[in-house]
Each structure stands twice: as structure tokens, then as C-alpha cells.
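To start, the structure under review is shown below, and the notes come after it.
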There are 2 protein chains.
Amino acid sequence: MGKNRITIHDVAAKAGVAISSVSRVLSGHLDVSEKMRAKVESAVAELGYEPDHLAQSLRKGATNTIGFMIRDITNPLFSIVAQSAEHELRKAGYSMILINSHGDLEAEKENFALFKRRRIDGVIASLVSEDSPYVRNTISELGSPVVLLDREVTGLNASAVICDHASGVKHATADLIKNGFSRIAFVSGRKDVFISRNRIKGYEEALSEARIKVDENLIRLGKFGEDFAYEQTKDLFSGKGAPDALITGGIGASTGALRALKELKIKPGKDLAFVALDEWPMFDVLTADLSSVYRDPEEMGHQSARLILDLIAGEATAQAVVPTLYRRRASSKKV
Amino acid sequence: MGKNRITIHDVAAKAGVAISSVSRVLSGHLDVSEKMRAKVESAVAELGYEPDHLAQSLRKGATNTIGFMIRDITNPLFSIVAQSAEHELRKAGYSMILINSHGDLEAEKENFALFKRRRIDGVIASLVSEDSPYVRNTISELGSPVVLLDREVTGLNASAVICDHASGVKHATADLIKNGFSRIAFVSGRKDVFISRNRIKGYEEALSEARIKVDENLIRLGKFGEDFAYEQTKDLFSGKGAPDALITGGIGASTGALRALKELKIKPGKDLAFVALDEWPMFDVLTADLSSVYRDPEEMGHQSARLILDLIAGEATAQAVVPTLYRRRASSKKV
DNA sequence: GTAATTACTGGAAACGATTCCTAAGTCTAA
DNA sequence: TTAGACTTAGGAATCGTTTCCAGTAATTAC
């Protein structure tokens with residue numbers, strides 16, 4: 001067992017030099033003679049020495065660790081974002097601590113505290129809410145740079161990766177209208193966050209351009225997750241004035257809606273036009289040709305990693321915009 | 001900005017005591033007088049002091065961090081395992097560093113080295129391979145306890161969470177046989193790991209009890225992931241002697257197989273009996289009533305967390321067995 | 001009243017690195 | 001030959017904690 005750890009002192013003793021010299025050789029830093037380099041390197045090789053990351057962090061004041069906080073790593077979109085970010089960060093010598101907030105504000109707060117205690121170098125987060133005083137305080141007290149996913153928090157020292165939902169949703173809605181639908185329902189998550197505002201914006205723009213009046217009763221914004229969408233979908237079809245098309249936002253919401261439709265024996269693409277916002281793995285294989293608005297989660301991960309590394313390097317905050325793409329499939333029509 | 005960090009020295013100065021006393025109060029350790037406790041606590045509260053995790057780790061020799069390494073966090077089963085483990089570990093005061101190995105042995109090796117340098121307290125891993133000399137060496141040199149997911153590595157200081165695949169697969173196979181199928185194909189990942197061996201065991205037992213001879217040509221084991229299963233499925237139906245039932249193992253393989261079937265216009269449950277090993281989110285909503293062998297990923301995460309915490313606490317290595325459940329649905333028959 | 005125990009506190013040595021400062025040695029120039 | 005510049009290497013301080021060791025004051029036992 002590697003009970004007794006090998007430290008820089010062991011290397012120094014073996015090579016017959018001072019520990020400061022060992023450190024200098026290893027960091028490739030200043031002027032060291034060839035002889036010194038050779039001595040130290042052979043001692044390092046012989047002992048199989050590797051510097052202790054902990055001690056380095058303490059001394060250098062940087063942990064080379066990024067905190068990644070999301071509501072739900074189980075969400076396939078987020079898991080791809082996380083994977084992609086991790087890949088990118090690792091190439092830059094950073095590790096990623098992953099934490100779920102379970103969509104809970106209190107947990108989110110504790111997570112930030114944890115990040116602070118761990119002296120994380122930066123945070124990538126998909127927040128539960130947005131732009132509350134609590135968020136402002138927490139982030140500014142954190143003392144390390146932050147990249148937010150799909151959130152707009154102004155006047156704060158944070159970069160952001162935002163997706164151009166409006167555009168994709170607008171295309172989708174316009175296409176539904178073109179296909180003859182006018183009672184287009186919209187079911188999604190919390191209304192107080194950028195992603196929902198931005199999606200609704202696209203939806204309303206398309207309606208407005210087609211001179212269709214917005215029916216507030218068809219818009220159901222409330223909570224993330226399956227349950228809310230399930231209930232709202234059931235409700236939409238419970239009375240008179242049922243919609244002829246349905247757009248559902250977020251993977252959880254789409255799932256809930258599809259479950260409700262299944263129970264109601266309403267077939268998307270047959271009895272009802274349907275567009276899902278965001279796809280999930282095997283979307284093309286498993287679903288019966290559902291239309292969607294797609295965004296590239298790998299790109300989101302990539303951009304968030306890049307932005308946080310830039311901030312750590314001292315650059316100014318920035319925004320990266322990830323495009324969305326309307327993918328027309330069979331369910332944009334009824335047959 | 002929280003530029004100037006508040007240290008234990010600041011607290012000690014403010015309270016007019018020695019830093020050792022502050023530490024003693026905070027750790028609730030030995031005999032401290034009520035007066036001392038009060039002084040320190042009010043100073044802590046006033047300054048908003050929180051101990052630096054890094055310095056604590058260095059001094060105590062424990063980082064309260066667990067490394068979690070998987071082939072692919074994008075796999076929804078694994079992402080649930082990860083989430084569940086993280087939840088459990090956090091309750092015990094541990095954070096989780098998540099790393100992907102991308103199914104690459106070289107990357108896996110580097111990841112272990114990283115864990116070692118970071119002085120991780122323990123590792124939960126789903127290895128690419130199993131029981132190679134490399135694995136033995138790496139794990140024993142790691143110096144910290146290890147919990148393996150679905151792997152059997154004997155004679156090593158590692159606990160394991162293993163699933164009783166054999167039982168679920170046996171039930172599934174037997175049910176297919178009972179329904180009149182005899183040419184049951186089996187497509188899954190690498191054959192040199194426990195999970196595949198164990199699944200095949202259940203498959204062969206069911207055949208043997210029904211006195212059906214194993215047709216090696218129907219068994220396709222090779223690689224994890226979509227591509228391999230896609231190719232093999234196509235191949236199975238390319239010539240004569242096509243199977244009348246198909247069992248596909250792992251989410252990746254099932255996806256690949258379903259994609260191939262879709263292209264071949266073979267409908268599971270209609271033209272072919274089909275059982276998927278492992279489910280994915282929304283399985284019931286999205287798939288056309290596919291049968292499956294289910295195992296509870298939350299339970300796997302829970303058990304792996306428990307086992308690693310036990311090992312850290314000095315207990316002996318152990319195995320946790322997670323049951324599997326055959327879920328008969330429409331695709332166990334042809335119509 | 002003295003000795004022995006106990007309760008509490010402060011000082012200092014770790015933990016394992018980096019980095020600043022200084023001093024010794026080498027080399028060039030006058 | 002000596003002063004000055006330049007390399008190179010060692011010593012010590014530092015990062016922010018915990019914990020061991022002593023030492024003082026207070027309490028108890030005789």
C-alpha cells in the first residue's frame with residue numbers, strides 16, 4: 001500500500017539538494033543548471049514522486065477546480081453539457097466538482113457556500129431562479145468568477161451562455177400556423193427565468209406576425225419538471241376550447257405532456273400537432289417523428305468552459321449565444 | 001469583492017485569544033470554558049468566518065472528496081447513479097469529483113493518477129475493463145479505498161456493487177421461450193466484464209432448462225455503445241437464419257439495435273419479440289411497450305456511496321447486490 | 001499548608017508545497 | 001588583482017489549519 005507518501009523532501013534528500021531546488025526544477029522555472037536538473041529528475045523518476053495537489057493549491061491560492069451546479073444531472077441535456085464542459089476543463093488542467101441543486105433554492109445557497117469553502121476557482125451554474133437579491137449577493141460574495149447557463153443577470157461580474165430560444169420557437173410556431181393551426185398551446189417551466197421569457201417571446205412574435213391574438217389560457221408556465229406539465233396538459237384538454245397544437249418546453253415538461261397525451265389517447269402528429277423544445281437522446285429513434293427545437297448541448301458545455309477559463313485568466317465578462325434550430329418532422333402536421 | 005480572506009488569525013485577534021483556542025472551539029473538541037466559547041463564537045459570527053477547507057485537508061490528511069469515474073455520464077442510467085451517490089455523499093460531508101473515461105483505458109489510467117494527486121478519500125468507478133494486471137496495480141497503488149460498479153475484481157481491497165443480471169435475463173429469456181420463440185439473439189457489450197458474463201449466464205441457463213441448444217451465431221458480444229450493436233443487428237437479419245426474438249444489453253446497445261430495426265422496418269412487438277436490458281427515462285412513455293430487465297440506478301448510487309463511506313470508516317470490503325426485475329410488456333410477444 | 005490532580009490556554013510544530021531573499025561561486029572587464 | 005555583474009543553490013517564510021506539548025491557575029486530597 002502507498003502508506004507513506006513521497007514528498008518533495010524525500011526527493012531533495014535522495015538528490016542531495018534543497019527542496020527549493022526540486023521545486024524549481026519541477027516547475028521549469030528559473031535558471032537551474034543541467035547537472036541539477038538531471039539529479040532531480042532522476043530522483044523524481046526513481047521515487048515516482050508526484051507533487052501533492054493540496055499543498056500546491058494552498059500555497060498558490062488556486063485549486064484548479066471548477067464547481068458545476070445544475071438542477072438535475074439526470075436531465076440528458078444537462079448531462080451532455082456537463083460532460084462536454086468537463087472534457088474541456090480537464091484539457092486545461094482543471095477538475096470539476098459536480099453538485100445537484102434539485103431545483104431547490106436553499107440547496108443552491110448551501111452549494112455556493114460549499115464552493116466558497118473549497119476555494120473553487122470558478123463556478124458554472126444553471127440557477128433555479130434568476131436575478132433575485134439573493135443571487136446577486138451570493139455571487140458577488142463568492143469571490144470567484146461565475147458563468148451562468150441560460151440566465152440573464154445584469155450588472156454582475158458573471159459571464160453567460162444563453163441560447164437563442166426565441167428564434168427557434170418563432171420558426172416552429174410560424175410553421176404550425178402555416179400548416180393551419182391557430183390554437184397553439186404552450187407549456188413550459190418557471191416564467192421568471194430567461195429561458196421561458198425568451199421562448200414565449202418567439203411564440204408571441206410568430207402569433208403577432210400572423211395577426212393571431214394571444215390566448216392567455218393556452219399559455220401554461222409554472223414549474224420545471226414532469227408533474228406540472230402533466231397536470232396542465234390534462235387541464236388543457238379537459239374542457240371546451242382545446243388546442244389543436246402543443247409546444248412543450250424543456251425535457252421534463254415534454255415528458256409530462258407526452259404522458260398526459262398518452263393517457264388521453266391523443267396521438268401527437270395525428271390528433272394534435274406537437275413540437276418539443278429540446279431533444280433527448282435517441283429522439284429520432286424512439287419518438288414517432290416528433291418535431292423539435294434543437295440546441296447543441298455540447299456547444300453549451302464547450303462555451304461555458306471557455307468562458308470560465310477566460311474569466312479566470314482575467315478577461316472581461318462576456319456572453320456566448322448558442323443558436324437553436326427548428327427541426328420539422330411529421331408531428332408539425334395532423335394527418 | 002471578498003478579496004481579503006478572513007482567517008483563523010483574524011478571529012483569534014478579534015476575540016483576543018490564541019488561534020489554537022479558536023480551532024478548539026470550532027471543532028467542539030476538548031475542554032473549553034464557556035467564556036472562551038462565547039468570545040470565539042461571537043467573533044466568528046461577527047466576521048462571518050468559515051474555515052478554509054484546503055488548509056483543513058492538508059493538515060488532517062483527508063479531503064472529504066470522492067472521485068466518481070464512469071465511462072459516460074451521458075448514459076442516463078449512470079447519471080442517475082451519479083446523482084444518487086452524490087446526494088448520499090453530501091449528506092455525509094463529502095463532495096464528488098466527476099470524471100468521464102470515455103471508455104478509454106488510457107484516460108482511465110490518467111484519471112486514477114489525478115485522483116491520487118488530489119488525495120481523494122475514495123473512488124467509485126465503473127471501469128472500462130476488469131481484472132487486468134493494470135487494474136490491480138493502479139488500484140492497489142492508489143492508496144485509497146475503491147468501490148467498483150458491476151465488476152468482479154478478486155483479491156483486491158475493493159468493495160463492489162453488483163447487479164443480479166443473470167436472474168432478470170433468465171426470467172426474460174424463459175418468458176420468450178414460453179411464448180414460442182427459440183431463435184433468441186443476444187446483443188451486448190464487451191464480453192470480458194462481469195456484466196456481460198452474468199447476463200449471458202442467465203440467457204444460457206434459460207435455454208438449457210428448455211433444452212434449446214445455444215447458437216453461438218446469435219450471441220454478439222463486442223463493444224459498448226451504439227455502433228457495435230447497430231452493425232450486429234443489421235448483420236443478424238442480413239442472411240438466412242434470422243432470429244425471432246432479440247435481447248439487447250445496455251442502453252447504448254439497445255439504442256443501436258432499435259435504430260437498425262427501424263431502418264430494416266422490423267417492428268419490435270410485431271415482427272420480432274424484443275427485450276431491452278436496462279431502461280432509460282420515459283421508457284414507458286416513449287417506447288411502444290417494450291419489455292425490459294430493470295435495475296434501480298438510485299439503489300446502485302445509494303449502495304456505492306454507503307460502501308465507500310464504510311471503507312473510509314475502516315470497515316472491511318463488502319459486496320452489495322442489486323436485484324433486477326423482468327418487466328414483461330407487449331414486445332415479449334409478436335402479434 | 002503542601003502536594004497532586006484537573007481544567008484550561010497559548011506557543012509552536014506540523015501538513016507539503018512555492019517563492020523571496022541572500023550568499024556563494026563563476027566569469028568578465030578594467 | 002579586484003570590482004562588478006551574473007548564475008545558481010540553499011534557507012526560511014508563507015499558505016491556513018490542527019494538534020501536541022507545556023505551563024499556569026484553580027481545585028482537591030492529605
Side-chain angles (χ1 to χ4, degrees), chain A residues 2-41 43-44 47-65 93 116-121 143-144, chain B residues 2-41 43-44 47-65 93 116-121 143-144:
Chain A
K3 270 306 296 171
N4 29 11
R5 191 175 300 282
I6 303 157
T7 74
I8 197 171
H9 288 96
D10 303 323
V11 177
K14 175 133 217 155
V17 301
I19 60 163
S20 46
S21 298
V22 176
S23 177
R24 244 175 267 132
V25 169
L26 261 49
S27 59
H29 227 300
L30 285 142
D31 335 83
V32 289
S33 68
E34 268 318 305
K35 235 184 346 188
M36 172 67 83
R37 179 174 307 281
K39 273 197 291 188
V40 169
E41 278 175 354
V44 165
L47 295 170
Y49 166 74
E50 290 199 86
D52 185 322
H53 190 266
L54 220 51
Q56 287 182 320
S57 297
L58 180 60
R59 181 56 232 243
K60 292 204 202 159
T63 54
N64 278 50
T65 309
K116 190 173 181 186
R117 276 172 35 97
R118 286 203 172 239
R119 290 234 225 148
I120 238 86
D121 293 336
S144 37
Chain B
K3 269 307 297 170
N4 30 12
R5 191 176 298 283
I6 303 157
T7 75
I8 197 171
H9 288 97
D10 303 322
V11 177
K14 175 133 217 152
V17 300
I19 58 164
S20 47
S21 298
V22 176
S23 177
R24 245 174 263 132
V25 169
L26 261 50
S27 59
H29 226 299
L30 286 142
D31 336 80
V32 289
S33 68
E34 267 319 305
K35 236 187 337 188
M36 173 67 83
R37 179 174 308 280
K39 272 195 293 185
V40 169
E41 278 175 353
V44 165
L47 295 170
Y49 166 74
E50 290 198 88
D52 184 322
H53 191 265
L54 220 52
Q56 286 182 320
S57 297
L58 180 60
R59 181 57 233 240
K60 291 202 204 163
T63 53
N64 278 52
T65 308
K116 190 172 182 189
R117 276 173 35 98
R118 285 203 172 241
R119 291 235 224 146
I120 238 83
D121 293 337
S144 40

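None of these values were measured; they are calculated from a predicted model. Quick note on labels: first sequence line is chain A, next is B, and so on, each numbered from 1.
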Checklist entry - With a 4.5 Å heavy-atom cut-off, do B:R5 and A:R119 have their side chains touching? => result yes
Next on the checklist: Quick check: do B:D52 and B:T7 have side-chain heavy atoms less than 4.5 Å from each other?
Outcome noted: no
Checklist entry - Reading nucleotides 15-20 of chain D from the 5' end, what letters show protein touch, with B for base, S for backbone sugar-phosphate only, - for no heavy atom under 4.0 Å? => result BBBBBB
Tabulate protein N/O versus nucleotide N/O from nucleotides 5-7 of chain C, keeping only pairs under 3.5 Å, one per line.
none

Which heavy atom of [X] sits nearest to which heavy atom of [Y], and what is that distance?
X	Y	result
A:A12	A:A18	CB-C, 4.0 Å
B:Q56	B:P51	NE2-CB, 3.4 Å
B:I6	B:L47	CD1-O, 2.9 Å

Checklist entry - Got a sec, which residues hit salt bridge (charged side-chain N to carboxylate O under 4.0 Å, His left out) with A:K14, two or more places apart in sequence or on another chain? => result A:E46
Checklist entry - Out of A:L26, A:V40, A:D10, which residue meets the side chain to side chain contact (heavy atoms under 4.5 Å, CB included) rule with A:Y49? => result A:L26
Item to check | the helix from C:dG1-D:dC30 to C:dA30-D:dT1: angle between end helix axes, five pairs per end, rounded to 10 degrees | outcome: 60°
Next on the checklist: Test of understanding: with side chain to side chain contact (heavy atoms under 4.5 Å, CB included), list the residues that count as partners of B:N64, not counting sequence neighbours.
Outcome noted: A:R118, B:H53, B:A62, B:Y94, B:D121
Item to check | A:E41: partners by side chain to side chain contact (heavy atoms under 4.5 Å, CB included), with sequence neighbours left out | outcome: A:V25, A:R37
Item to check | Value in whole Å for how far the C1' atom of C:dG16 lies from CG of A:D10 | outcome: 11 Å
Checklist entry - Could you give the distance from CG (B:L54) to OG1 (B:T63), rounded to the nearest 0.5 Å? => result 10.0 Å
Checklist entry - Does A:S33 make a side-chain N or O approach to OP1 or OP2 of D:dA9 shorter than 4.0 Å? => result yes
Item to check | Presence of B:S57 side-chain N/O under 4.0 Å of C:dC15 phosphate oxygens OP1/OP2 | outcome: no
